[in-house]
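Step one of this worksheet: look at the structure below.
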Amino acid sequence: NKQTLSSNEFEVLFIDDGSDDFSAFRRLKEKTREYTHYQVHRISPSGWGSRPRNKGTKVAEGEYVFFCDDDDTIFPQALERMYNFAKDNDIDVVNPKVIRTKGWGWGWEQFKENVVGAETIGVQAMGPMTVPKLYRRTFIEQHNLYFYEGDKVWWEDVMFSCLVFSKKPRIGILADYPVYHWREQNHSAGFGKDLEYRWEQINNVASSFKENLEGEDLDYMITHWYRTRVLGALRGNFHKKSKDTQQIEFDKAMEWKDRFVDSRI
């Protein structure tokens, strides 16, 4: 999308995650010749979004970095509004308004109004915990912040958001302009059929909560995931699953509850 910032005020970094389609990589290289503020980097295939984002952060030269997936779009005033909001208020993390193709009520609570100093409300200031946020690059470097890498690491954006929050950034919520359109072309949807892997990932996320959060913030995230991902696995079309699958899901949910949920929660 065309941005209202002039081209000499921002850079666009494309990270090719070892795609098999070299013609796509060549087209990106052609674009970098046409636009001097474009760069393209190719890395060995990782199969997930974490390593490309980490690579992009390392080669970025801007004052702030913003992550955008290849199948989503940002609105024309997005970069200018986020940057001005961050600079005017000395903000480390801008949590901007994201709209979603599915689910009109998603983010309704978080994006009611602009908030400066949102970190005082706790880890909820980072929600919804999706990738598109503006980060002060020196803050990321100072605290050695990174997305968890590995083969198909689910919910890496949630874990990254909690890791960032644990370093006590100054957070601002920018709600008065839609910045990002999340189209939800979910490439991970098919992996949910592997129950063992899905529950391994749900355990990994909860472990990251315990590693990076404490007190009310930890309680909030554990409670939210218990309600949505763990008990959520036992609702909906649960009755349509085979008896064997039902038993596996129930046993995994009980194991998660016993490991992460105390009686107070």
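Heavy-atom basis, side chains included; hydrogens, waters and symmetry copies ignored.
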- Item | Candidate pair N54 and E149, rule side-chain hydrogen bond (donor to acceptor under 3.5 Å, both in side chains), full reasoning | CA-CA 9 Å; N54 290 338; E149 296 186 14; 2.9 Å; yes

- Do S242 and D244 pass the side-chain hydrogen bond (donor to acceptor under 3.5 Å, both in side chains) test, and can you show the C-alpha distance, the side-chain angles, and the key distance before you say yes or no? CA-CA 5 Å; S242 70; D244 287 344; 5.4 Å; no

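Between E216 and Y220, the closest side-chain pair of non-hydrogen atoms is not below 4.5 Å. Using a 4.5 Å heavy-atom cutoff, the side chains of K210 and L218 are in contact. With a 4.5 Å cut-off on side-chain heavy atoms, E196 and K252 count as touching. Between W199 and V230 the shortest side-chain heavy-atom distance falls below 4.5 Å. Counting heavy atoms from C-beta outward, H181 and D72 have side chains that stay 4.5 Å or more apart. When side chains are defined from C-beta on, I74 counts as touching Q3, because their heavy atoms get closer than 4.5 Å. The closest side-chain heavy-atom distance from M126 to I171 is below 4.5 Å. Counting heavy atoms from C-beta on, the side chains of V179 and R81 never come closer than 4.5 Å.
Ion pairing between a basic and an acidic side chain is recognised when a charged N comes within 4.0 Å of a carboxylate O; E30 and R27 show no such pairing. Taking 4.0 Å as the cut-off between side-chain N and carboxylate O, K167 and D92 do not count as a salt-bridged pair.
Counting only distance, with no hydrogens or angles, the side chain of E80 and the backbone of Q77 share no donor-acceptor pair below 3.5 Å. Between the side chain of D16 and the backbone N or O of H41 there is no donor-acceptor pair closer than 3.5 Å. Of the possible polar contacts, one joining the N95 side chain to the A125 backbone as a donor-acceptor pair under 3.5 Å is found. Side chain of R198 to main chain of W154: no donor-acceptor pair is present (N/O by atom type, distance under 3.5 Å, no hydrogens or angles). In this structure, D176 contributes its side chain and N114 its backbone to no donor-acceptor pair below 3.5 Å. Judged by distance alone, with hydrogens and angles left aside, the side-chain atoms of R137 form a donor-acceptor pair with the main-chain N or O of G62 at under 3.5 Å. A donor-acceptor distance shorter than 3.5 angstrom exists from the side chain of R42 to the backbone of S19, with no hydrogens or angles considered. Side chain of D262 to main chain of R264: a donor-acceptor pair is present (N/O by atom type, distance under 3.5 Å, no hydrogens or angles).
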Ignoring hydrogens and angles, write down the donor-acceptor pairs under 3.5 Å from the side chains of residues 156-166, residues two or more places apart or on other chains.
unit_1, atom_1, unit_2, atom_2, d
E156, OE1, W48, NE1, 3.1
E156, OE2, R53, NH1, 2.8
S161, OG, D157, O, 3.0
S166, OG, L163, O, 2.5

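Tracing side-chain contacts under 4.5 Å through hydrophobic residues (I, L, V, M, F, W, Y), one never reaches F111 starting from I121; they form parts of separate clusters. No continuous path of hydrophobic side-chain contacts links I43 to V131 [ILVMFWY only; heavy atoms under 4.5 Å]. The hydrophobic clustering, which links ILVMFWY residues whose side-chain heavy atoms are closer than 4.5 Å, places V12 and I15 apart.
F14 meets the ring-ring contact (aromatic ring centres under 6.0 Å, His included) test with Y38; sequence neighbours excluded. With sequence neighbours excluded, the residues that form a ring-ring contact (aromatic ring centres under 6.0 Å, His included) with F139 are H143. Contacts of D90 classified as salt bridge (charged side-chain N to carboxylate O under 4.0 Å, His left out), with partners at least two apart in sequence or in another chain: R136.
Classified by interplanar angle (parallel below 30°, tilted 30° to 60°, perpendicular above 60°), the ring pair Y148/Y146 is perpendicular.
More than 12 non-hydrogen atoms from other residues, nucleotides or ligands lie less than 6.0 angstrom from CZ of R33. Heavy atoms of other residues, nucleotides or ligands lying less than 6.0 angstrom from NZ of K55 number 12 at most. Within a 6.0 Å sphere centred on CD of E141, heavy atoms belonging to other residues, nucleotides or ligands number more than 12.
When all heavy atoms of S207 and R259 are compared, the closest pair comes out as OG-NH2, 3.2 Å. Minimum interatomic distance between Y180 and F67 (heavy atoms only, all atoms of both residues): CE1-O, 4.1 Å. Pairing each heavy atom of G47 with each of D17, the nearest pair is N-OD2, 3.1 Å. Contact detail for I99 and P178: the closest heavy-atom pair is CG2-CB, 4.1 Å. The shortest non-hydrogen separation linking V94 to A86 is CG2-CB, 3.7 Å. Between T130 and W106 the shortest heavy-atom distance is CG2-CZ2, 3.8 Å.
Using a 4.5 Å cut-off between side-chain heavy atoms of Ile, Leu, Val, Met, Phe, Trp and Tyr, M254 falls into a hydrophobic cluster with L234, F238, F250. Residue L13 is found in a hydrophobic cluster whose other members, listed by chain and number, are V59; membership requires side-chain heavy atoms under 4.5 Å apart, directly or through intermediates.
Residues F10 and F66 place their aromatic rings such that the two centres sit no closer than 6.0 Å.
A distance of 13.5 Å separates OH in Y135 from CD1 in I91, rounded to the nearest 0.5 Å. A distance of 8.0 Å separates CZ of F85 from CD1 of I173, quoted to the nearest 0.5 Å.
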